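A short write-up of the structure that comes next.
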Amino acid sequence: MLLATASLPGHAFEIFGWKFFEASQEQAEAVPDPTPYEAELSVSSGSEELTDQLKSASLLIQQQDKPPSGEAGLIARALSDRERLIAQLYADGRYGGTVDVSLAGLPLETALEQSDLPDGRPVKVAILVSPGPVFTFGKVAVDTRGSDLSTDPTFWGLTSGETAASGKILSAERQLVSVLRGRGYPKARIAERRITADHASNTLDVTLISDTGPQARFGRVSVSGTEVTDPDFVVQQAMLPQGGIYSPEDLARARKRLNELGIFSSIRFVEGDIAGPDGSLPILIEVSERKRHVVGAGASWSSTEGFGVEAYWRRRNLFGRGELLSVEGSVGRIGDKSIADQEYSARIAFEKPGVFGPLTSFSTSLGAKQENPDAYKSRSVTFDAYLNREFSEQLKGRAGAEVYYANEEDVFGNENYLLVGLPTDLTFDNRDDKLNPSKGIFAALYAEPAYDALNSNAMGFVKGTVSSYYALDEAKRFILAGRVSAGSILAPSVESVPASRRLIAGGGGSIRGYAYRNVGPRVNGEVAGGRSLIELSGEVRVKVTDTIGIVGFVDAGNAYEDSVPDFSEELKVGVGAGLRYFTPIGPLRVDAAIPLDPEQDDPDFALYVGLSQAF
C-alpha cells in the first residue's frame with residue numbers, strides 16, 4: 001500500500017522523498033558574491049582507499065558545485081578543510097602527516113594574511129597530503145576513578161601494538177561514560193586524556209581517566225512547551241521513577257512512550273543539577289506539539305483485486321490528553337467490479353491513552369462496509385470497544401466487546417446475522433524494522449467467543465500467526481523470512497458462520513497467485529469457506545544495491561470444512577518473484593505470482609504492488 005500524509009495547513013506533498021507543490025521559500029537562497037573554484041587533491045603515498053577517504057572528507061572537493069561567498073568564504077572553507085583532513089589522517093592512525101593547501105598558487109597562510117587572491121576565476125585550489133607512517137598504540141592505561149570498572153585497556157578496545165586509530169580512543173571514552181551513566185552517574189565524564197605521539201618509534205601512548213561524579217536519583221519531573229497538552233499527562237506517560245536510581249534506559253523508554261502518542265514533533269530531556277543528600281536530579285521534558293489536524297490518502301493495486309483507494313482525517317490531542325479521533329473511508333476492487341459491486345468501507349474511531357495508568361488505553365469504533373470477493377457479498381455494521389494493555393515493549397494485548405450485524409449472499413443463499421462477541425488478542429513483536437525486518441519475531445493470537453442472536457448459534461474464533469526473519473550476513477543483504485498462520489472456528493456448521501467470518505485462503509496477504517479469498521471448500525463449484533485454515537510462506541530476500549532488492553517466494557495453504565484441518569485437500573501452492581525499491585519510508589514492493597493448482601476464478605498469474613515487505 002502506498003501512503004502519504006499531510007498536516008493542515010500544508011504547502012507540499014511528499015512521497016518516497018519526492019516533493020510536489022513545494023513552497024518557493026524552501027528553495028536554497030542564492031549565495032552573494034559566489035567565488036567559483038576548481039580543487040584537486042593529491043596524496044604523496046598511501047593506499048587508494050586512503051585517498052578515497054580523504055576526498056570524501058574534503059569539503060573543498062565535495063562542494064565544488066557550491067561556490068562560497070567571496071574570497072573570505074573560500075579561505076574559511078580551506079581552513080576548515082585542513083582540520084577535517086588532519087582528523088581523517090588521525091582516524092587512519094597517522095599522526096605525522098601534513099596537509100598543505102594553496103589557493104591560486106598562494107599557501108593558505110599567505111592567503112589568510114593578505115585576505116586577497118590573485119585574479120582569475122575559477123580559483124585553482126591544490127591540496128597536497130603527506131600521510132606519514134601508521135602509528136600503533138604504545139603504553140595504554142585506563143583509570144576509572146570512583147568506580148569498580150575494569151582498568152584493563154583491552155576491555156575498552158585499546159591494545160598495545162594495534163593501529164592507533166583515533167576512533168578507537170573516542171569509542172573507549174564513549175563506552176566508559178555510557179557504562180557509568182548506566183550505573184546511575186549522569187555527570188560521568190572523561191576527566192583527563194593524555195596522548196603522546198613518539199615520532200621516533202611511531203607509537204602513541206594513551207592514558208584515559210574517567211570521573212563518575214555523584215550518583216543520582218530521578219527527582220522532580222516538569223514539562224515545558226505544551227500548548228494544548230496537559231503537562232501532568234506528559235509526566236504520567238513518561239513514567240520516570242521519581243526516587244529511583246538514574247538510568248538512561250528509563251529516559252529512552254520515556255521518550256519512546258511519548259513519541260508513540262503521536263502528538264509531539266520533538267521531545268528533549270534536560271537534566272538539571274544534582275542536589276540534596278539523596279542526589280536528586282530534576283528532569284525537564286521540553287516538547288513541541290504537532291499540528292492537530294492530519295489528512296492522509298493511500299492506494300493499492302493487484303491484478304486480481306483491482307485498485308483500492310483510502311483516505312482519512314484525524315484530530316490529534318482532542319481533549320489535551322493524547323486522544324485521537326479518526327474518520328476513515330475506502331473503496332476497493334475499482335475496475336474489477338461494477339460501481340454497485342465494488343467494496344466500500346467507512347469508520348469512525350476514538351482512542352484515549354492512559355485510562356488506567358500510562359500502560360493502558362481505550363479504543364472504540366463504529367464502521368460499515370461492503371465486501372464482495374468472488375465467494376460472497378456482505379454488507380455489515382460493526383461496533384467495538386477495547387481496553388488495551390502494554391505488558392512490555394514487545395508484548396501487547398487487548399480485550400473488549402463487539403456487536404456485528406451482517407446481511408450476506410453466498411452459495412447457501414441470503415442470510416442475516418447478529419453476532420455479539422468478546423474478542424481478545426495478544427501480540428509479540430521484537431522485529432528490528434516493522435516495514436523491512438531483518439531479524440526478530442512477530443506473533444499474534446486472536447480469540448473470540450460469540451453468539452448469533454438472530455439464529456441462536458454459539459461459536460468461537462481462534463487464529464494465530466508467527467513470522468520470523470534471519471539475516472545470512474552482517475550487512476543484512478541476504479535475509480530468510482518465514483510465516484505460519486492457522487485458524488479454527490468452533491460452530492455447528494459452516495453455514496451457521498457469516499461468510500465474511502469464515503476461513504478462506506488466497507490473495508496478496510495469503511497465498512499469492514490465487515484469487516482473493518478463493519481457496520477453500522466448495523459447494524456446487526463455488527467457494528463456501530471453511531472452519532479451519534493453514535497458511536505457510538517463505539521468502540529469500542536479496543538486497544542487490546542500496547535501493548534495489550529482489551525476492552523469491554513460495555506460499556502454500558488451504559481451508560477445510562471441519563474445525564480441525566483433515567488435509568483431505570492438498571495444500572494449494574503459489575510461487576513467484578518480486579522487486580523491491582527501498583525508499584526512506586519503506587520498501588516499495590512489486591510481486592508476481594503463479595498458482596500451481598488454479599481452480600475456477602483463479603488467474604494464470606497475479607501482480608501485487610504495495611509498500612513494505614509482504615510480511
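Computed from a predicted structure; not experimentally measured.
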Distance-only, no hydrogens or angles: does the Thr229 side chain make a donor-acceptor pair with backbone N or O of Gly320 under 3.5 Å? no

Run the side chain to side chain contact (heavy atoms under 4.5 Å, CB included) check on Asp143 and Leu208 step by step: do they pass? CA-CA 6 Å; Asp143 186 6; Leu208 300 179; over 6 Å; no

Show every salt bridge (charged side-chain N to carboxylate O under 4.0 Å, His left out) that has at least one partner inside residues 128-137, sequence neighbours left out. none

Flag, side chain of Asp429 to backbone of Arg431, donor-acceptor distance under 3.5 Å: yes

Residue pairs, two or more places apart or on separate chains, that pass side chain to side chain donor-acceptor pair (under 3.5 Å) and touch residues 241-253: Arg181-Tyr246, Tyr246-Glu271, Asp250-Arg253

Within 6.0 Å of OH in Tyr470, more than 12 heavy atoms from elsewhere: no

Applying the side-chain contact (heavy atoms from CB on, under 4.5 Å) criterion to Phe391, which one of Glu393, Arg389, Gln394 satisfies it? Arg389

For Thr163 and Phe137 the tightest heavy-atom approach is O-CE1, 3.5 Å

Any salt bridge (charged side-chain N to carboxylate O under 4.0 Å, His left out) pairs touching residues 117-140, not counting sequence neighbours? Glu38-Lys124, Glu71-Arg121

Quiz question: by atom type and distance under 3.5 Å, do the side chains of Arg589 and Tyr581 form a donor-acceptor pair? no

For residues 155-183, which residue pairs pass the ring pair (Phe, Tyr, Trp, His ring centres under 6.0 Å) check, not counting sequence neighbours? none

Side-chain donor/acceptor pairs under 3.5 Å, residues 211-221, sequence neighbours excluded:
residue : atom : partner : partner atom : Å
Asp211  : OD1  : Gly213  : N            : 3.4
Gln215  : NE2  : Arg183  : O            : 3.0
Arg217  : NH1  : Gly243  : O            : 3.1

Judged by atom type as modelled, is there a donor-acceptor pair below 3.5 Å linking the side chain of Arg541 to the main-chain atoms of Ile479? no

Non-neighbouring partners of Leu445 that pass side-chain contact (heavy atoms from CB on, under 4.5 Å), sequence neighbours left out: Val462

Check whether any side-chain heavy atom of Arg292 lies under 4.5 Å from a side-chain heavy atom of Arg314, and answer yes or no. no

Which atoms form the tightest heavy-atom contact between Leu117 and Ala111, and what is the distance? CD2-CB, 3.8 Å

Can you list the residues that meet the side-chain contact (heavy atoms from CB on, under 4.5 Å) rule with Gln53, with sequence neighbours excluded? Glu49, Leu50, Gln88, Asp92

Salt bridge check, Asp591 against Arg580: does any charged N sit closer than 4.0 Å to a carboxylate O? yes

To the nearest 0.5 Å, how far apart are CG in Leu204 and CD1 in Ile169? 5.0 Å

With distance as the sole criterion, is a donor-acceptor pair present between the side chains of Asp33 and Ser69 under 3.5 Å? no

Show your working on side chain to side chain contact (heavy atoms under 4.5 Å, CB included) between Asp81 and Ile127 and close with a plain yes or no. CA-CA 10 Å; Asp81 207 46; Ile127 309 166; 3.8 Å; yes

Any side-chain donor-acceptor pair under 3.5 Å between Thr154 and Asp152? yes

Please round to the nearest 0.5 Å and tell me the distance separating atom CG of Leu258 and atom OG of Ser266. 11.5 Å

Trace of the side chain to side chain contact (heavy atoms under 4.5 Å, CB included) decision for Asn388 with Thr360: CA-CA 5 Å; Asn388 311 283; Thr360 62; over 6 Å; no

Under the salt bridge (charged side-chain N to carboxylate O under 4.0 Å, His left out) definition, can you give me all pairs with a residue in residues 55-69, not counting sequence neighbours? none

Candidate list Val234, Asn317, Ile285, test side-chain contact (heavy atoms from CB on, under 4.5 Å), partner Phe264, passing option: Val234

In Å, rounded to the nearest 0.5 Å, how long is the span from CG of Leu588 to OG1 of Thr547? 11.5 Å

Those residues that, when tested against Pro107, pass side-chain contact (heavy atoms from CB on, under 4.5 Å) (two or more places apart): Glu109, Thr110

Please table the atom pairs, donor to acceptor, closer than 3.5 Å between any side-chain atom in residues 186-194 and protein atoms at least two apart or in another chain.
residue : atom : partner : partner atom : Å
Lys187  : NZ   : Gly272  : O            : 3.0
Glu192  : OE1  : Arg194  : NH1          : 3.4
Glu192  : OE2  : Arg194  : NH1          : 2.6
Arg193  : NE   : Glu173  : OE2          : 2.5
Arg193  : NH2  : Glu173  : OE1          : 3.0
Arg193  : NH2  : Glu173  : OE2          : 3.2

Looking at every heavy atom in both Ser222 and Leu284, which two are closest together, and how far apart are they? OG-CD1, 3.4 Å

Is any side-chain heavy atom of Arg174 closer than 4.5 Å to a side-chain heavy atom of Ser171? yes

Heavy-atom count check: over 12 atoms from other residues, nucleotides or ligands less than 6.0 Å from Lys256 NZ? yes

Smallest heavy-atom separation, Ala254 atom then Ala238 atom, equals CB-O, 3.2 Å

If you measure only the distance, is there a donor-acceptor pair under 3.5 Å linking the side chains of Glu162 and Thr136? no

For the CD atom of Glu289 and the CG atom of Leu261, what is their distance to the nearest 0.5 Å? 11.5 Å

Contact check, side chains of Pro437 and Tyr469, non-hydrogen atoms, under 4.5 Å: yes

Check for a donor-acceptor pair, side chain of Arg145 on one end and backbone N or O of Ile209 on the other, with a separation under 3.5 Å. no

How far does CD of Glu113 sit from CG of Leu108, to the nearest 0.5 angstrom? 10.0 Å

To the nearest 0.5 Å, what is the distance between CD (Gln114) and CD1 (Ile75)? 9.0 Å

Keeping to residues at least two apart or across chains, list the ring pair (Phe, Tyr, Trp, His ring centres under 6.0 Å) pairs with something in residues 180-210. Phe135-His199

Indicate yes or no: does Asp425 engage Arg398 in a salt bridge with an N to O separation below 4.0 Å. yes

Kindly state whether the ring of Tyr90 and the ring of Tyr95 have centres lying under 6.0 angstrom apart. yes

Report the C-alpha separation of Leu176 and Val142 in whole Å, then their side-chain angles, then the decisive distance to 0.1 Å, and conclude whether the side chain to side chain contact (heavy atoms under 4.5 Å, CB included) test is met. CA-CA 10 Å; Leu176 279 163; Val142 174; 4.2 Å; yes

Nearest heavy atoms of Val140 and Ser160, plus distance in Å: CG2-OG, 4.0 Å

For Ser280, check side-chain contact (heavy atoms from CB on, under 4.5 Å) against everything at least two apart and list the hits. Asp278

Quick one about Ser58 and Gln62 (side-chain donor to acceptor, distance below 3.5 Å, no hydrogens or angles considered), yes or no? no

Which heavy-atom pair separates Ser224 from Glu286 by the least distance, and what is that distance? OG-CG, 3.3 Å

Enclosure of Glu40 CD (heavy-atom neighbours >12, cutoff 6.0 Å): no

